[in-house]
Amino acid sequence: MNHMLLAIDQGTTSSRAILFSIDGRIIDIRQKELTLRYPQNGWVEQDANDIWQDCLWAARQVITGHPGSEKAIAGIGITNQRETTIVWNRHTGEPVYNAIVWQDRRTAAQCAALKQQGHETAIAAKTGLLLDPYFSATKIAWILDNVEGARHAAKRGDLAFGTVDCFLLWKLTGGRVHATDATNASRTMLFNIKTQSWDDDLLALFNIPRGLLPDVHDNVHNFGQSAADLLGKSYTIGGMAGDQQAALIGQACFEPGMVKSTYGTGCFALMNIGRDCRLSQSRLLTTQAYRFQGQSHYAIEGSIFVAGAAIQWLRDGLCLFTQAAQSEDLARKVADSNGVYFVPAFTGLGAPYWNPHARAAILGLTRESTAAHITRAALEAQAYQTRDLMDAMEADTGTRPEIIRADGGLVHNGFVCQFIADMLDTPLDIPQITETTAWGAACLAGLQSGIYQGLEDITARWQHARRYTPTMPADRREQLYRGWQTAIRSVIAGNH
Ligand code: ADP
């Protein structure tokens with residue numbers, strides 16, 4: 001009797017394996033922190049072999065830690081940090097360069113030049129994305145142009161490109177399968193989300209040989225069998241999705257208008273917009289939400305690069321506390337931020353501003369300002385940033401969500417959750433299954449194996465653990481938000 005699902009959740013800061021029961025209970029979880037390297041200003045890399053070895057280690061640990069699980073695991077689902085780019089040799093499986101992480105800005109000049117040449121509109125029409133170093137295309141081209149012999153090897157067909165899901169699949173299948181799923185493909189800036197195919201014009205524009213690219217499948221698909229020697233026996237890899245899309249699935253946001261917002265290192269809010277691929281007019285992204293049985297569903301996405309990372313900076317950079325959770329008590333020591341605003345643009349501003357040159361700032365300081373005010377301002381910024389996204393989403397879709405389903409490390413902070421509900425004037429639901437990203441990947445594998453019959457089975461398993469209801473008076477809300485808008489304007493003006 002199969003009654004477990006194994007999720008591999010490869011994130012920016014850690015690689016994890018989670019064994020789920022079919023009702024979503026975590027049976028076991030193993031995790032390894034992943035090192036980020038910053039070889040030059042604006043560059044962010046990881047060792048691709050570490051990514052693989054850590055995932056393999058974590059998967060082995062949960063399996064061997066649960067005798068009998070070999071028989072019980074119905075399939076493996078993979079979810080991953082998106083856009084991060086790996087190019088490897090097809091014959092040896094060796095990466096030709098480190099993984100270039102999504103946060104990496106080394107290709108900002110190329111993106112600016114392409115924008116200058118007027119390519120942004122055509123790219124957005126096909127991919128739903130904006131011209132930004134965030135996406136994979138310019139990262140692939142950088143590897144081909146800067147690693148000796150890489151472009152030549154790529155033309156000969158010796159190299160393979162993949163996002164992290166694709167690289168893990170290749171490794172798990174012993175180099176037999178080179179494939180990705182539609183959500184991960186949609187973040188490369190080479191994939192036409194309307195025609196669901198790699199786009200020859202974009203490949204020519206970015207100078208990337210087609211032979212480098214993987215096959216693209218539905219999110220629920222028999223992607224391949226893991227090599228038997230890796231995990232003790234062979235398992236079916238039955239589902240893959242990028243992390244934010246996996247969270248949308250894990251949060252069961254299957255109806256148009258439903259929104260999930262994940263507060264981890266960054267914050268990513270996705271609104272399901274259904275089967276109609278509408279482009280954002282408000283500088284948000286249009287992206288693949290999921291593809292089941294060949295049918296594409298789309299989402300509008302707001303991506304904020306720094307959310308919880310700002311709390312980490314208060315902890316590690318300013319040493320205001322030793323654990324992120326202590327930020328809550330500190331913030332509650334004061335009644336308000338006393339006019340202090342914290343714009344956490346450490347790596348530029350993402351949606352809806354898209355300003356790679358902006359830098360973080362703490363504004364409105366007076367002699368009365370304390371660590372508590374600054375911490376409170378950093379926590380409040382989570383809500384202001386979400387409000388920016390929700391206003392843009394409303395402008396795009398004409399709808400404001402009735403409820404927001406939130407997840408990620410920051411939702412353990414009750415102050416943040418209440419302030420978000422207040423600033424959006426919208427209730428915030430926290431689910432019982434808080435590992436929504438990994439759970440989403442497990443659900444895909446469960447659908448593929450037949451454990452779940454359809455999306456209604458996923459919906460039936462979603463339950464809220466806690467609801468935060470707005471209580472802030474409207475005039476106070478708008479007054480606070482106007483202060484944030486002024487802070488954002490001065491950050492943008494100061495960085496031109
Ligand atoms: P990721 O998956 O992006 O690595 P997580 O979802 O694990 O991130 O969330 C971790 C982030 O959340 C960290 O940046 C941390 O600073 C922040 N965080 C975690 N718990 C709290 C808390 N109680 N209060 C404030 N921030 C928190």
Side-chain angles (χ1 to χ4, degrees), residues 7-18 26 29-36 44 46 51 54-55 58 79-84 101-103 164 241-248 250-251 260-270 303-333 342 344 346-347 350 360 371-372 374-383 385-386 405-420 428 430-431 433-441 465-466 468:
I8 295 177
D9 178 0
Q10 203 300 305
T12 312
T13 53
S14 70
S15 304
R16 303 191 297 179
I18 303 184
I26 292 177
I29 175 168
R30 293 299 159 95
Q31 165 164 344
K32 218 171 202 176
E33 298 302 313
L34 190 62
T35 309
L36 285 156
V44 189
Q46 284 170 335
I51 291 177
D54 291 356
C55 288
T79 182
N80 57 292
Q81 52 169 319
R82 305 171 303 173
E83 298 98 12
T84 296
V101 177
W102 57 276
Q103 296 160 326
V164 170
D243 53 10
Q244 302 311 321
Q245 283 86 347
L248 190 77
Q251 288 272 29
K260 77 90 202 172
S261 195
T262 300
Y263 297 90
T265 307
C267 164
F268 299 86
L270 269 71
S303 330
I304 296 167
F305 300 141
V306 173
I311 313 307
Q312 277 172 340
W313 180 75
L314 293 182
R315 186 192 63 188
D316 305 335
L318 294 192
C319 304
L320 297 189
F321 37 81
T322 53
Q323 283 172 15
Q326 293 165 341
S327 61
E328 179 163 358
D329 282 346
L330 190 54
R332 287 189 193 278
K333 283 207 165 91
F342 187 148
F346 291 100
T347 54
I374 292 172
T375 302
R376 191 169 171 119
L379 296 176
E380 290 180 353
Q382 314 301 328
Q385 296 192 107
T386 313
R405 295 185 169 182
D407 52 65
L410 264 157
V411 302
H412 299 296
N413 189 313
F415 171 80
V416 171
C417 293
Q418 184 59 49
F419 201 79
I420 294 171
L428 199 71
I430 313 298
I433 304 172
T434 49
E435 294 293 344
T436 49
T437 304
W439 171 236
R466 173 120 203 227
Y468 291 88

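Remember, it's 1-based here, ligands and their atoms both numbered in the order they're listed.
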- Item | Protein residue, atom and distance nearest to atom 19 (C) of ligand 1, heavy-atom basis | Gly409 O, 3.5 Å
- Message: Strictly less than 4.0 Å: does any protein heavy-atom distance to atom 2 (O) of ligand 1 fall in that range?
- Response: no
- Task: Measure the acute angle between the ring planes of Trp102 and Phe268, then classify it against the limits of 30° and 60° as parallel, tilted or perpendicular.
- Result: perpendicular
- Query: How close does the nearest protein non-hydrogen atom get to atom 26 (N) of ligand 1, and which residue and atom is it?
  - Reply: Leu410 CD2, 3.3 Å
- Query: Do you know the tightest heavy-atom contact between Val306 and Gln385?
  - Reply: O-NE2, 3.2 Å
- Item | Nearest non-hydrogen partners of Thr262 and Gly408, listed with the distance | CG2-CA, 4.3 Å
- Query: In the protein, which heavy atom is nearest to atom 24 (N) of ligand 1, and how far is it?
  - Reply: Asn413 ND2, 3.0 Å
- Item | Numbered atoms and elements of ligand 1 in range of Ser327, under 4.0 angstrom, heavy atoms | 24 (N), 25 (C)
- Task: Write out the residue and atom name of the closest protein heavy atom to atom 16 (O) of ligand 1, then the distance separating them to 0.1 Å.
- Result: Gly308 O, 3.2 Å
- Could you say whether the N/O atoms of His412 and ligand 1 ever approach to under 3.5 Å? no
- CD/Gln251 to CH2/Trp439 distance, rounded to the nearest 0.5 angstrom? 12.5 Å
- Tell me yes or no: between the side chains of Gln326 and Arg315, is some donor less than 3.5 Å from an acceptor? no
- Message: Would you say that Gln103 contacts Leu36 through its side chain, given a criterion of any heavy-atom pair below 4.5 Å between the two side chains?
- Response: yes
- Examine the side chains of Asp407 and Thr434 and answer whether a donor and an acceptor come within less than 3.5 Å of each other. no
- Item | Proximal atoms of ligand 1 relative to Thr13 (non-hydrogen, under 4.0 Å) | 4 (O)
- Quick one: does Gly11 get within less than 4.0 Å of ligand 1, heavy atoms only? no
- Note on the structure: Of all heavy-atom pairs linking Phe342 and Ile374, the shortest is CD1-O, 4.0 Å
- Please state which protein non-hydrogen atom is closest to atom 23 (N) of ligand 1 and give its distance, to 0.1 Å? Ala325 CA, 3.4 Å
- Proximity winner for atom 13 (C) of ligand 1, if only heavy atoms of Arg315, Glu435, Gln312 are counted: Gln312
- Message: Let me confirm one number: the CG-CD1 distance from Asp54 to Ile8, rounded to the nearest 0.5 Å.
- Response: 11.5 Å
- Query: Which ligand 1 atoms are under 4.0 Å away from a heavy-atom of Ala309?
  - Reply: 14 (O)
- Counting from 1, what ligand 1 atoms have a heavy atom of Gly408 closer than 4.0 Å? 6 (O)
- Task: Starting from atom 27 (C) of ligand 1, locate the nearest protein heavy atom and write down its residue, its atom name and how far away it is, to 0.1 Å.
- Result: Ala324 CB, 3.6 Å
- Query: Would you call Phe321 and Asp329 a side-chain contact if the rule is heavy atoms closer than 4.5 Å?
  - Reply: no
- Message: Between ligand 1 and Thr12, can you find any atom pair, the residue atom being a heavy atom, that is separated by under 4.0 Å?
- Response: no
